[in-house]
Amino acid sequence: MRSYILSAAAGMVLMAGALAAAFTAAAAIWPDKMPPPAISGSIATDEKLKYLRDRGREPVDVLAIGSSITWKHLDGAPFDGRVGNFVNGGTAYLQVHEIRTFTRFYLDLYPQISQVVMLSALPDYGTCAGEGRIMDLEDAASYVRGGVPEAWFYMRYFAPLRYVLQARRRSERLKPYDAFGYWLDRHGTTPSMLPTEVGYDLRYDEIALDPACLEALDGLNRDLTARGVTFTLVMTPVAPRYSDLHPATTRATERIESFAHSRGIRLIDFFGDPSFEDADFWDAFHMQWPAARRLSREVADTLL
């Protein structure tokens, strides 16, 4: 009986290894088809880790960090020729305490970072419970550094059904400028557009500010200060009709800004900027790419 169990277990390990090798081969042969290893719980974050792995050991000097507010809005082009290496490290769905964790990951991975900029809006401050653990940071760093074969990560994060289901739609989700896709440009940004004829929905109800997120913001600032890294918080515009519909948004954003000032955080404020209109947004907080590029130029000009 014992030998049967051992044989069965060995067979399962061999099968998992064979599948992992097959996934690795598929990812190398058809990179637009095979999703990256499921190291995090987010497709967008796994795609960002793959981008970093493919980027190799090139250093990072200026890092953008944050949720999709950063990921989809900060164009790297205005930074070219003005800083050494700019990378947009933002990804989807992060709250401030998770952004703090992800920033530590980047700082350990790229100790040359001298400046961090975070584009932010009220959705980042909704719920900051727990430690902000988003993945196994050691595994993620090992994957990005590229010293361990990709097959090992497919086997460790063995999810064949998930990979197959994602592979069916991956080429579609990697189309440039898809508002709900994962395509990354050379800086790590996902430029997004929604055709104007589609129209748009605000997609967000009213968001209450969690005070724990302010403490996480303060912790992020302290982490960066201790490492001698310059930190800038950029509060982004909001679709005017969302602010009109939810007046509490203005009060909550002003509270974030006041807190940032009280903690000595450098702040660039675009909230309520009248030069950004409803037509510049494809939901309450996410901008069409032309508007995001305009915002990026203004941010770069202010920072540099």
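The figures that follow rest on heavy atoms only: side chains count, while hydrogens, waters and symmetry mates do not. Along the sequence shown, the residues carry numbers beginning at 1.
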Practice prompt. Tell me yes or no: between the side chains of N85 and Y110, is some donor less than 3.5 Å from an acceptor?
Written response: no

Discussion item. Looking at every heavy atom in both Y93 and S42, which two are closest together, and how far apart are they?
Written reply: CD1-OG, 4.4 Å

Worksheet item: Taking all non-hydrogen atoms of both residues, which atom of H97 and which atom of E131 are closest, and how far apart?
Response: CD2-C, 4.2 Å

Fill in: Salt bridge R170-E47, side-chain N to carboxylate O under 4.0 Å
yes

Practice prompt. Enumerate the residue pairs fulfilling ring pair (Phe, Tyr, Trp, His ring centres under 6.0 Å) with a member in residues 207-266, sequence neighbours excluded, ordered by first and then second residue.
Written response: Y242-H246, Y242-F285

Discussion item. Taking the cut-offs as 6.0 angstrom to the six-membered ring centre and 45 degrees off its axis, would you call R241 and F281 a cation-pi pair?
Written reply: no

Item to complete: Treat each ILVMFWY residue as a node, draw an edge where side-chain heavy atoms are under 4.5 Å apart, and state whether F79 and F270 are in one component.
Response: yes

Worksheet item: Can you tell which of Y51, F153, F105, W152 makes a ring-ring contact (aromatic ring centres under 6.0 Å, His included) with Y143?
Response: F153

Fill in: Ion pair D80/R186, N-O distance below 4.0 Å
yes

Discussion item. Applying ring-ring contact (aromatic ring centres under 6.0 Å, His included), can you list everything that pairs with Y125, at least two apart in sequence or on another chain?
Written reply: none

Practice prompt. Please check if M193 and L184 belong to a single hydrophobic cluster, counting links between Ile, Leu, Val, Met, Phe, Trp and Tyr side chain heavy atoms closer than 4.5 Å.
Written response: no

Worksheet item: So how far is it from F102 CZ to T45 OG1, rounded to the nearest 0.5 Å?
Response: 5.5 Å

Item to complete: Please answer whether the main-chain N or O of A292 pairs with a side-chain N or O of S296 as donor and acceptor at a distance below 3.5 Å.
Response: yes

Discussion item. Apply side-chain contact (heavy atoms from CB on, under 4.5 Å) to residues R294 and F276 and explain how you reach the verdict.
Written reply: CA-CA 10 Å; R294 175 158 54 94; F276 293 93; 3.6 Å; yes

Discussion item. Less than 4.0 angstrom from a charged side-chain N to a carboxylate O is my criterion; do D301 and R82 meet it?
Written reply: yes

Worksheet item: Ring centres of W183 and Y177 under 6.0 Å apart?
Response: yes

Worksheet item: Any idea how W282 and H286 line up, ring-wise: parallel (<30°), tilted (30 to 60°), or perpendicular (>60°)?
Response: parallel

Item to complete: Please report the closest heavy-atom contact between L74 and L119, naming both atoms and the distance.
Response: CD2-CD1, 3.9 Å

Discussion item. One thing to verify: whether D46 and K50 come together as a salt bridge, which I'm taking to mean a side-chain N less than 4.0 angstrom from a carboxylate O.
Written reply: no

Worksheet item: Is a side-chain donor-acceptor pair under 3.5 Å present for K72 with S192?
Response: yes

